[in-house]
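Order of appearance sets the numbers: ligands from 1, and atoms from 1 within every ligand. For clarity, every value in this text was computed on a predicted model and none was experimentally measured. Quick note: numbers below take in every heavy atom, side chains included, and nothing from hydrogens, waters or symmetry partners.
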Amino acid sequence: MSQVPSITLNNGLEMPQLGFGVWQVPDDEATTAVATAIESGYRSIDTAAIYGNEVGTGKGVAASGVPREELFITTKLWNADQGFDSTLRAFDASLDKLGLEYVDLYLIHWPLPVKDAYVDTYKALEKIHADGRAKSIGVSNFLPSHLERLMGETSVVPAVNQIELHPQFQQAELRAFHARHGIVTEAWSPLGQGKGLGVPTVAAIAHKHGRTPAQVVLRWHLQTGHVAIPKSVTPSRIVENLDVFGFELDADDLAAFAALDDNLRIGADPAVFDAGA
Ligand code: NAD
């Protein structure tokens with residue numbers, strides 16, 4: 001029933017190009033939000049151990065009644081659990097909370113260079129992958145230097161790098177690096193947490209297509225080839241953010257979006273972020 005196109009990962013598996021993110025959704029609200037999203041047609045859900053809502057997310061997945069194999073569930077290893085053995089334990093805890101037998105994608109949440117443990121951590125992800133408990137593995141917030149080292153010292157090229165990415169922060173160099181290495185770019189805060197939606201250029205493109213600013217920004221992500229995981233707990237916006245397949249941005253729109261990049265990072269800088277270290 002879902003109309004969301006898929007992207008093929010470097011291991012041949014498919015990932016929906018549009019998913020539903022649940023950062024900052026309280027555990028007790030996550031069940032309804034996730035069930036609403038799945039009932040609306042989303043098939044991909046993005047959570048993380050640190051979000052504290054894996055239990056609610058898992059309940060939402062179960063409540064949706066959609067067969068597990070039709071869903072794509074991502075969770076992430078928190079910084080404090082980096083290290084080989086601690087990662088295996090943290091993964092067990094995440095699966096338990098989610099109430100699942102496997103996840104579709106398991107990510108290292110941040111590189112945490114100050115701890116210098118992401119290579120050992122990733123080796124634990126490779127074991128989890130080999131055991132079939134994460135169909136795909138990858139990273140989040142990794143910079144090219146982290147990816148180079150990881151690929152030099154481990155065997156499985158990350159399927160995905162989930163990074164901050166929105167029209168005001170387009171990360172062209174990092175995306176080009178991903179493209180060279182067959183790593184899918186997944187955009188977090190794809191709507192710039194709502195902050196960039198009032199930009200006149202975005203409003204004009206939205207007006208031209210009879211769409212909302214959020215819809216044309218998500219369309220830009222899709223046409224640029226990213227995976228995007230917008231978040232909302234408002235049912236009408238959950239539906240609105242999925243209703244982005246009945247129109248296309250043209251070359252003028254894409255050029256106007258390209259001109260919006262002003263290197264405006266709204267989240268933490270992965271080179272120095274050390275929470276939980
Ligand atoms: P987002 O860009 O998805 O923005 C969400 C906010 O935009 C909402 O809270 C709401 O205020 C607004 N919004 C949503 N839909 C709207 C609409 N249709 N019209 C107007 N406003 C709308 O930001 P996000 O939640 O930070 O990111 C999305 C997901 O990315 C998260 O839920 C999480 O899953 C993931 N994420 C990952 C990391 C990471 O480090 N890997 C960091 C941040 C977020």
Is there a heavy atom of [X] sitting under 4.0 angstrom from any atom of ligand 1?
X	result
Gly267	no
Tyr51	yes
Thr212	no

Identify the closest protein heavy atom to [atom]: which residue and atom is it, and at what distance?
atom	result
atom 4 (O) of ligand 1	Gln193 CA, 3.2 Å
atom 40 (O) of ligand 1	Asn141 ND2, 2.9 Å
atom 25 (O) of ligand 1	Lys231 CB, 3.3 Å
atom 28 (C) of ligand 1	Ile229 O, 3.0 Å
atom 43 (C) of ligand 1	Trp188 CE3, 3.1 Å
atom 32 (O) of ligand 1	Trp23 N, 2.9 Å
atom 21 (N) of ligand 1	Arg237 CZ, 3.4 Å
atom 15 (N) of ligand 1	Asn241 ND2, 3.1 Å

List ligand 1 atoms under 4.0 Å from [X], heavy atoms only on the residue side.
X	answer
Gly194	4 (O), 7 (O)
His109	39 (C), 40 (O), 41 (N)
Glu240	17 (C), 18 (N), 19 (N)
Leu197	20 (C), 21 (N)
Trp110	40 (O)
Asp46	33 (C), 34 (O), 35 (C)
Pro230	3 (O)

### Task
Report yes or no: is the cationic atom of Arg149 (NZ for Lys, CZ for Arg) closer than 6.0 Å to the six-membered ring centre of Tyr118, at no more than 45° off its axis?
yes
Any donor-acceptor N or O pair under 3.5 Å, side chains [X], [Y]:
X	Y	result
Asn141	Glu164	no
Asp104	Thr74	no
Ser94	Glu54	yes
Gln215	Arg219	no

### Task
State, with a plain yes or no, whether a side-chain heavy atom of Val139 is found less than 4.5 Å away from one of Trp110.
no
Check this for me - ligand 1, [X], N or O atoms closer than 3.5 angstrom, yes or no?
X	result
Gln162	yes
Ala214	no
Ser189	yes
Leu191	yes

### Message
I need the contact type for Ala48 against ligand 1. Using non-hydrogen atoms and a strict under-4.0 Å cut-off, is it side chain, backbone, both or neither?
### Response
neither
### Task
Examine distances only and state if a side-chain atom of Gln82 and a backbone atom of Leu112 form a donor-acceptor pair shorter than 3.5 Å.
no
### Message
Taking ring pair (Phe, Tyr, Trp, His ring centres under 6.0 Å) as the criterion, tell me which of Tyr102, Tyr106, Trp78 meets it with Phe91.
### Response
Tyr106
#### Entry: Salt-bridge present (Asp85, Arg89; N to O < 4.0 Å)
no
### Query
Would you call the rings of Phe169 and His166 parallel, tilted or perpendicular if under 30° counts as parallel and over 60° as perpendicular?
tilted
### Query
Under 30°, 30 to 60°, or over 60°: which ring-plane class applies to Tyr51 and His109, parallel, tilted or perpendicular?
perpendicular
Distance-only donor-acceptor hits, side chain of residues 6-17, under 3.5 Å, sequence neighbours excluded:
unit_1: Thr8; atom_1: OG1; unit_2: Glu14; atom_2: OE2; d: 2.8
unit_1: Asn10; atom_1: ND2; unit_2: Val157; atom_2: O; d: 3.4
unit_1: Asn10; atom_1: ND2; unit_2: Pro158; atom_2: O; d: 3.0
unit_1: Asn10; atom_1: ND2; unit_2: Gly182; atom_2: O; d: 3.2
unit_1: Asn11; atom_1: OD1; unit_2: Leu13; atom_2: N; d: 3.0
unit_1: Asn11; atom_1: ND2; unit_2: Ser136; atom_2: OG; d: 2.8
unit_1: Gln17; atom_1: NE2; unit_2: Leu222; atom_2: O; d: 3.0
unit_1: Gln17; atom_1: NE2; unit_2: His226; atom_2: O; d: 2.9

### Query
Can you list every pair that meets side chain to side chain donor-acceptor pair (under 3.5 Å) and has a residue in residues 248-260, with sequence neighbours left out?
Lys208-Asp250, Lys208-Asp253, His209-Asp253
### More than 12 heavy atoms from other groups under 6.0 Å of CD on Glu69
yes
